[in-house]
Number of protein chains: 2
Amino acid sequence: MFLSTYENKLDSKGRVSVPASFRSHLSSLGYNSVVCYPSFTTTAIEFCPQSRIEKLSDTIDTLNPFEENRDVFATSVLADSFQLNFDPEGRIILPEKLLDHSGIKDRVVFVGQGKTFQMWEPNKFFKFRDDARKKAKSLRSDLKWSQSANKEREEK
Amino acid sequence: MFLSTYENKLDSKGRVSVPASFRSHLSSLGYNSVVCYPSFTTTAIEFCPQSRIEKLSDTIDTLNPFEENRDVFATSVLADSFQLNFDPEGRIILPEKLLDHSGIKDRVVFVGQGKTFQMWEPNKFFKFRDDARKKAKSLRSDLKWSQSANKEREEK
DNA sequence: CATTATAACCCATGATATCCCATAAATGAT
DNA sequence: ATCATTTATGGGATATCATGGGTTATAATG
């Protein structure tokens with residue numbers, strides 16, 4: 001599993017160390033590389049084991065070759081993905097496209113998500129996290145309200 | 001697996017380098033060549049390992065003789081396909097027909113699609129990609145691939 | 001056979017990525 | 001707290017890649 005949050009630096013060659021615990025998990029799955037793509041909804045970069053993308057590729061492959069959506073999905077997902085190999089020290093180099101998408105310059109935050117992880121430009125991540133907490137908070141109070149409303153309804 | 005997009009140049013002899021990662025995947029399948037044919041639906045050129053064409057040929061034999069797509073497969077894919085060999089530097093030369101079909105002149109975009117890849121005239125591809133992203137956004141929720149992706153997420 | 005066009009081979013080059021080694025910081029064990 | 005190990009980071013050396021061009025082989029044509 002990919003757990004917890006780390007912050008590392010990009011060096012002058014654009015290399016960045018992937019946290020050792022993330023690497024060892026990938027290694028336990030048999031990989032010396034990782035696949036990544038720009039998030040559809042945020043400025044984050046999404047990372048996953050290659051097997052996950054391979055399954056996606058297999059699914060797309062089962063679509064009828066004439067199916068219009070086949071190309072749409074292949075292009076919008078696979079074409080925008082990258083396989084990044086670790087150097088002997090466990091570093092990767094981020095493609096220019098992903099640096100642009102994420103706004104990453106000299107520092108990176110790694111965010112464990114269980115089966116996947118993300119990379120963020122630090123300030124963008126902290127803001128995203130704070131917003132997410134606020135939303136969760138208001139959702140919780142909404143939930144409480146509706147629960148108590150239901151409870152009251154039952155009592156009557 | 002064929003991933004990512006690359007942009008390369010045609011030289012004065014009409015040669016173009018196939019991205020090293022694409023070549024190494026073909027090489028891992030035992031091929032020093034690649035098969036290609038014009039896309040039925042776009043100006044792209046479709047590329048795949050020879051084994052895939054062989055499988056497609058077998059599939060055509062099993063299709064209902066009255067199936068409309070049968071002839072399209074047979075003529076568009078098999079009759080109009082080419083086997084292109086790599087030179088020692090990993091380049092290929094595109095047949096005149098495919099240059100015409102694609103509108104490729106001096107620059108090419110390679111588009112990874114998992115089991116296959118494409119070549120596009122750059123401007124035509126960028127336009128296609130923008131459309132694909134819009135469609136993917138609206139279709140993402142109800143597609144098979146997202147089901148399989150979620151399924152995998154639960155498994156690991 | 002000779003001619004010509006095309007494709008294949010060989011070598012060169014600059015940019016980039018990869019490898020290899022060093023060091024400092026962090027972690028874990030005794 | 002002390003020591004050993006792992007980890008993150010830095011930088012020089014090496015290899016790979018995309019590209020360009022000269023030269024040789026192959027094939028088609030008259």
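Numbers restart at 1 for each chain; the letters A, B, ... are given by sequence-line order, proteins then strands. Hydrogens, waters and symmetry mates are skipped; everything else that's a heavy atom, side chains included, is used.
A salt bridge links A:Asp61 and B:Arg52; the closest N-O separation between the charged side-chain nitrogens and carboxylate oxygens is under 4.0 Å.
The CG atom of A:Asp106 sits 10 Å away from the P atom of D:dG10 (whole-angstrom rounding). When rounded to the nearest whole Å, the span between CG of B:Leu10 and C1' of D:dA18 equals 13 Å. The distance from atom CZ of A:Phe86 to atom P of C:dA17 is 17 Å, rounded to the nearest whole Å. Separating the CG atom of B:Asp87 from the C1' atom of D:dA25 is a distance of 14 Å, rounded to the nearest angstrom. Nucleotide C:dT16 holds its C1' atom 15 Å from the CG atom of A:Asn85, rounded to whole Å. Rounded to an integer number of Å, the gap from CG of B:Asn32 to P of C:dA8 is 11 Å. Here C:dT6 presents its C1' atom at 11 Å from NZ of B:Lys13, a figure rounded to the nearest Å. Rounding to whole angstrom units, CZ of residue B:Arg23 and C1' of D:dC17 are separated by 7 Å.
Here the nucleotide nearest the side chain of B:Pro19, chosen from D:dA18, C:dC20, D:dA8, is D:dA18.
For C:dC19, neither phosphate oxygen OP1 nor OP2 lies less than 4.0 angstrom from any side-chain nitrogen or oxygen of A:Arg15.
A:Ser17 pairs with exactly one of A:Glu89, A:Arg91, A:Lys9 by the side chain to side chain contact (heavy atoms under 4.5 Å, CB included) rule, that one being A:Arg91.
Comparing B:Ile93 and A:Arg91 along DNA chain C, the residue whose closest nucleotide (by nearest heavy atom) sits nearer the 5' end is B:Ile93.
Side-chain contact annotation: B:Ser102 with B:Glu121, donor-acceptor N/O pair under 3.5 Å absent.
B:Lys9 comes within contact range of the sugar-phosphate backbone alone, with a heavy-atom separation under 4.0 Å but no base atom that close. Backbone-only engagement by B:Val18 is indicated by non-hydrogen atom pairs under 4.0 Å involving sugar-phosphate atoms exclusively.
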- Task: Tell me, with the steps shown, if A:Phe110 and A:Glu7 meet side chain to side chain contact (heavy atoms under 4.5 Å, CB included).
- Result: CA-CA 6 Å; A:Phe110 292 81; A:Glu7 179 170 334; over 6 Å; no
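You'll find a donor-acceptor pair under 3.5 Å spanning the side chain of B:Glu89 and the base of C:dC10, going by distance alone.
Ring geometry for B:Phe22 versus B:Tyr6: interplanar angle over 60°, hence perpendicular rather than tilted (30 to 60°).
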